[in-house]
Amino acid sequence: MRNRLKVERAELNITQDDLAKKIGVSRQTINSIEKNRYVPSTILALKLSKVFDKNVNELFILEDEDFGTNTQK
Amino acid sequence: MENQYTSCQNEHNKLLKIINFRFQHRYKKIGIIGGALILGFLVIYKFTGGDSLLIKDVLRTIMLLFLLVASLSKDAIEDEYITHVRSQSYVIAFICAIGYSIALPLIAVLFDLLITRITGDGHVSFHEVSAFEVMFMLVCFQLLFFHTIKRFGRAE
């Protein structure tokens with residue numbers, strides 16, 4: 001899964017710290033999400049979508065490999 | 001059926017309360033400083049010839065309690081990422097502590113074998129890992145990995 005957080009943040013011209021304060025998390029949380037090291041919870045994803053006024057689907061984009069990860073053999 | 005569901009949910013809620021319990025952030029410093037002070041005292045006690053098992057056991061237990069408090073304390077900003085990092089650090093610490101308790105006796109035996117072969121003297125003994133050692137390593141690994149993984153999130 002990739003995300004457009006960094007792009008959206010640049011469009012709004014806000015820093016990681018500003019965004020973190022807006023949704024009540026730490027800057028390292030935002031940094032980890034942007035670097036794809038951490039997948040946020042639904043609540044956090046919805047908070048982000050509210051800040052950027054975008055659908056969650058527009059912020060977080062599933063990739064082909066995401067559809068095969070939990071397949072049980 | 002509904003009663004069974006409710007009691008199941010009650011048990012789940014109680015368990016979640018225990019799992020999610022955290023001390024205030026200020027206890028983290030107290031835990032680490034207290035643990036380090038007692039560790040320092042234990043080292044000094046050992047090198048000054050102190051051999052009272054009671055004193056050692058009491059100090060070790062208090063040190064473990066201090067470190068446990070540090071391990072269970074909230075971070076300055078406690079959010080879902082920190083909770084995630086903490087659970088990851090517990091998993092890695094658990095695996096490392098088990099690895100330590102398996103590897104250390106093996107390394108000690110191999111070392112003894114090597115010394116015996118080189119010097120032609122001495123004997124091979126099996127080093128037994130104590131419960132304190134495992135607990136101490138577990139909590140130290142947890143604190144170490146927690147701060148290490150957290151640092152990855154800070155890096156630009």
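Just so we're on the same page: letters track the sequence lines, and every chain starts at 1.
Here the straight-line distance linking atom CD of Gln28(A) with atom CG of Asp79(B) works out to 7.5 Å at 0.5 Å rounding.
Classification of the Tyr38(A)-His84(B) ring pair by plane angle, with boundaries at 30° and 60°, yields tilted.
In terms of heavy-atom proximity, Val25(A) sits nearest to Ile77(B) at C-CG2, 4.1 Å.
No more than 12 heavy atoms of other residues, nucleotides or ligands lie within 6.0 Å of CD in Glu128(B), so this atom counts as exposed by the packing criterion. At most 12 heavy atoms of other shown residues, nucleotides or ligands fall within 6.0 angstrom of atom CD1 in Ile43(A). Shown here is Tyr27(B), whose OH atom has no more than 12 heavy atoms of other residues, nucleotides or ligands within 6.0 Å.
Criterion: ILVMFWY side-chain heavy atoms under 4.5 Å apart, direct or through other members. Under it, Phe132(B) and Leu68(B) are part of a common hydrophobic cluster.
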